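A quick note: this is a predicted structure, and the numbers were derived from the prediction, not measured. What you see below is based on every heavy atom in this structure, not just the backbone, and it leaves out hydrogens, waters and symmetry mates. Labels below follow one simple rule: chain letters A, B, ... track the order of the sequence lines, proteins then strands, and each chain is numbered from 1.
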Amino acid sequence: MTWTSSFAADSFPSGSDAFPHKHLLGIAGLQPWEILYILKEAEQWVKLNRAGAAKHADTLSGLTIINAFFENSTRTLLSFEIAGKRLGADVVNMHAAQSSVKKGETLIDTAMTLNAMRADAIVIRHGSSGAVQLISSKVDCPVLNAGDGSHEHPTQALLDALTIMRRKGKVEGQTVVICGDVLHSRVARSNLFCLKSLGAEVRVVAPPALMPSGIEAFGAIPFSNFDAALNGADVIMMLRLQNERMQGDFIPSPREYFHLYGLDERRLALAKPDALVMHPGPMNRGVEIASSVADHVDRSAITEQVEMGVAVRMACLDILTRKARGQEGWA
Amino acid sequence: MTNMSILNGNVILPGADTTALLSLHIADGKIASVGTAVPTAEHIDGSGLIVAPGIIDLGVFKTDKPAFRFGGITRAALMPDQSPVHDDPATVRFAALKGKPDLWVHPLAAATRGLDGLHMAEIALMKDAGAVAVATGRKWIADSGVMLRIMHYCAALDLPVIVHNEDSGVAGHAVATAGETATLLGLSSAPVVAETLAIARDLLLAEESGAHVHFRQVTTAGGLDLIRAAKAKGLRVTCGITPAHLFLSDNAISDFRTFARLSPPLRSESDRLACIQAIADGTIDVIASGHDPRGPEDKRLPFSESAPGMAGAETLLALSLNLVRDNVISMGRMFELLASNPAKILGLNAGQICEGQEADLILIDVDAPWQVDGNRMAALAGNTPFDRLPVQGRVRQMLKGGKLI
């Protein structure tokens, strides 16, 4: 495949390593060439993952990775677990429901405990914005943010960018529409920062009560009318309604929500004929997306996103542990 | 009783913008004369120092003597948000005696039992026990009927009502002001109308009831406009602010800095500038510390799980002096905001340097430089959003009732 971008992946500044960050806490602090470097690195893992029966590398052999999930997750946890195992690491999962968090231990104490177990990387999901950054300040090993509150979900944005890159050839110049509960969505934030950084036009669509204030300061073009936003769209990303983060009514009913913001075939026809449909999952069919659209063979990239997720997370785990593994050139 | 003089200090006199080079004579704990030196056995050399009334801090959450001593605070009005809540005469009487003799604590009575916002507390009994005003606490009273009845009752008892203004419906569980910073960080936020709406209601209820209402923290351009208009109309309303809202905008919460999590939350830069303007034009009557020391168990948490509040007593004076240096207000006006206005609101015979008043005095070296250091504060906890900030102005001596503290 071809990579056409004004930021060539191998044109990062010389003299330092290609990804000079200890942790991956968010997209907001990353340079475009750093994002592209991760995406380029992920390509080799896409190949490996498709390589038939023997999907295994020993890159991280002997390393321990802890997946500390303080909030429920199926696909992200599984994706990180598979990514770690395919790279040969020993992967341990910690679920908040089974942990001492339920017994009143503070987050800092939990972080210190995890640190004392001498993990080589910790992957964290937490329901509070900023919680992953707080933990990262208390541990010695690299920390990967697997989603913190409504703040960031960087690996999701990276896998979405990789999906767009592979389907469309480039991210730059694409018109991407992000529609749904933008206010509560860490996926929307990370995607906005990532896509703007890589040169896309980003339109955000949400009911007025679910549109974050000041979003245009980050380069997004806000719309309340989904139909209008779809005009000329290359990519449509649908978001789930995060009812668990809402206090009070933000919309009257799922039926009315679908009427205004659901992606059905009529709306899909308003976008470009080859527009790509994406969803970070879990999907609520009939609430934000019609089944016929979600399952559309040519247009839906939803399962491909899941596939790219494993590759991107392998790339992140590899890159962040290079220093500890003593890889040459990674100080 | 003590009999002493403070010689050749730069004295802050009531109503004067600048200081006058004078001596004070103190007898029996009171200011006996202001003017020429009276020979006494004991004296303090005030030369090169500002001699000012002790600061009266309207609205603190903890009785924190070391921090108050450092900050030149001789009297503090204690918020009812204590454990247990100050909603009955016994706890109020105990709080009023707690600091004596070197610090006078003036308890504020909880407006409602347990600060539940619904059931009126025994306000008159608490007044007799030493409460100088009634306060809604950290929260606002959502039920307008309850609030109106409290105001009517307090108007009859001649007690000011000190209110917190965040409409609970609009604010919800917000931990930040709606805007770029909250959006970037993914923090739940509320628009500033949460404050203006609450102020508008309480101004209407103040007009209806005739109560003296003090808005403890007004932090938005819109809220200040409402107060300005109400004052022009002749309503008995006053308002205050803390240095945090004068010198920090919501940028300070970037990186999820929980020490900058306050209630009400920090605002936009344009609101901050409106607050400075309201200090300059006299709309704001009081600068207070909002002193609320919080240890790591409350602050070393994810932002939205941390407790709001800052340890402000030690930095109140030095930060307020920035307003004088920046020519926003005169030195004399600054001490109206820090001492004489709080005394007037609470009905205390204090806060001014004049004959017959309690000798609650501070001697200040206004130029003395120091650096705010959260790790080395006198307060019960070092949760200051001004950590590492270089400031100027140190209290060199403090007298409470004529005695050196």
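Every residue two or more places apart in sequence or in another chain that forms a side-chain contact (heavy atoms from CB on, under 4.5 Å) with A:Pro208 is listed here: A:Tyr261.
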Intermediate values then yes/no, side-chain contact (heavy atoms from CB on, under 4.5 Å), B:Ile284 and B:Val218: CA-CA 8 Å; B:Ile284 294 176; B:Val218 181; 5.8 Å; no
Verdict with reasoning, A:Leu241 to A:Leu210, per side-chain contact (heavy atoms from CB on, under 4.5 Å): CA-CA 9 Å; A:Leu241 282 174; A:Leu210 294 172; 3.9 Å; yes
Derivation of the side-chain contact (heavy atoms from CB on, under 4.5 Å) call for A:Phe80 and A:Thr155: CA-CA 10 Å; A:Phe80 267 108; A:Thr155 56; 3.7 Å; yes
Evaluation steps, side-chain contact (heavy atoms from CB on, under 4.5 Å), between B:Leu185 and B:Ile253: CA-CA 9 Å; B:Leu185 298 176; B:Ile253 67 170; 4.1 Å; yes
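Between chain B and the residues A:Gly130, A:Ala28, A:Gly214, the largest count of heavy-atom pairs under 4.5 Å involves A:Gly130. Chain A forms the most heavy-atom pairs under 4.5 Å with one residue out of B:Pro302, B:Gly169, B:Ala178, and that residue is B:Pro302. The residue among B:Leu184, B:Leu187, B:Leu301 with the most heavy atom pairs within less than 4.5 Å of chain A is B:Leu184. Residue with the most contacts toward chain B among A:Val132, A:Leu192, A:Ile108: A:Ile108 (heavy-atom pairs, distance under 4.5 Å).
Of the candidates B:Ile162, B:Leu203, B:Leu224, B:Leu203 is the only one forming a side-chain contact (heavy atoms from CB on, under 4.5 Å) with B:Phe215.
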Taking only distance into account, so ignoring hydrogens and angles, what donor-acceptor contacts under 3.5 Å exist between chain A and chain B?
residue: A:Ser128; atom: OG; partner: B:Glu305; partner atom: OE2; Å: 2.3
residue: A:Ser129; atom: OG; partner: B:Gly186; partner atom: O; Å: 2.6
residue: A:Gln133; atom: NE2; partner: B:Asp255; partner atom: O; Å: 3.4
residue: A:Gln133; atom: NE2; partner: B:Asp255; partner atom: OD1; Å: 3.4
residue: A:Arg189; atom: NE; partner: B:Thr183; partner atom: O; Å: 2.5
residue: A:Ser213; atom: O; partner: B:Thr183; partner atom: OG1; Å: 2.4
residue: A:Ser213; atom: OG; partner: B:Gly179; partner atom: N; Å: 3.1
residue: A:Gln247; atom: OE1; partner: B:His173; partner atom: ND1; Å: 3.2

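Of all the heavy atoms in A:Ser79 and A:Gly309, the pair that sits closest is OG-C, 3.6 Å. Here the shortest heavy-atom pairing between A:Gly281 and A:His279 reads N-ND1, 2.8 Å.
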